[in-house]
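Notes follow once the structure below has been shown.
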Amino acid sequence: IIVRLNSPSLAELAFVRSIRSVVGPGVFLPVLAIGDVTVETVAELAVDAGISDFLAEPLTPYQILSYVGSLIRTSASRLLKMRPSKERHW
């Protein structure tokens, strides 16, 4: 999930909290925040809400693609390490 943080509006953090509450703990669901994340207060609130990582603007397409590629590699690695099970949490 990619969210754009528009400080001082914190509606995006409420959105992330609601997604995290539905998905539940232990599920690999990265949430990337893009925007003005240099404000320490907003950054702390974002981490508490469940933001996984930050990219500060201005961004290049390469930065976003590089981040997404890293997530794909991480997801693939997690899947390969999983044991076969009737119950899976992806």
Side-chain angles (χ1 to χ4, degrees):
I1 297 175
I2 299 175
V3 295
R4 187 165 194 283
L5 288 180
N6 297 315
S7 65
S9 171
L10 301 179
E12 296 84 0
L13 299 181
F15 167 74
V16 173
R17 275 191 204 92
S18 67
I19 293 294
R20 291 284 187 202
S21 70
V22 170
V23 172
V27 176
F28 180 66
L29 180 65
V31 179
L32 173 65
I34 295 175
D36 182 13
V37 294
T38 58
V39 179
E40 288 181 27
T41 306
V42 173
E44 288 176 20
L45 291 172
V47 169
D48 289 341
I51 299 287
S52 307
D53 210 347
F54 303 96
L55 289 178
E57 293 180 318
L59 290 169
T60 65
Y62 176 79
Q63 287 173 298
I64 296 172
L65 290 174
S66 176
Y67 182 80
V68 170
S70 174
L71 289 177
I72 291 170
R73 287 187 297 279
T74 301
S75 296
S77 175
R78 285 175 179 241
L79 289 174
L80 291 173
K81 291 178 183 177
M82 287 180 63
R83 293 181 179 169
S85 170
K86 292 181 182 179
E87 185 177 340
R88 293 196 174 165
H89 300 281
W90 312 54

Salt bridge (charged side-chain N to carboxylate O under 4.0 Å, His left out) filter on Arg17, not counting sequence neighbours, yields none

>> Evaluate Leu32 against Ile34 for side chain to side chain contact (heavy atoms under 4.5 Å, CB included), listing each step before the verdict.
In response: CA-CA 6 Å; Leu32 173 65; Ile34 295 175; 4.2 Å; yes

Residues 23-33 vs side-chain hydrogen bond (donor to acceptor under 3.5 Å, both in side chains), sequence neighbours excluded, gives none

Here the pair of heavy atoms bringing Ser52 nearest to Pro30 is OG-CA, 3.4 Å

- Task: Check the hydrophobic clustering (I, L, V, M, F, W, Y; side-chain heavy atoms under 4.5 Å; chains of links allowed) and say if Val27 and Val16 are grouped together.
- Result: yes

Sorted by chain and residue number, the side chain to side chain contact (heavy atoms under 4.5 Å, CB included) partners of Val47 (sequence neighbours excluded) come out as Phe54

Side-chain donor-acceptor distances from residues 63-72 under 3.5 Å, at least two apart:
from: Gln63; atom 1: OE1; to: Thr60; atom 2: N; distance (Å): 2.8
from: Gln63; atom 1: OE1; to: Thr60; atom 2: OG1; distance (Å): 3.4

Hits for side chain to side chain contact (heavy atoms under 4.5 Å, CB included) against Ile1, two or more places apart or cross-chain, chain-then-number order -> Val3, Phe15, Ile19, Leu29, Val31

Heavy atoms of Glu12 and Arg4 approach each other most closely as CG-O, 3.1 Å

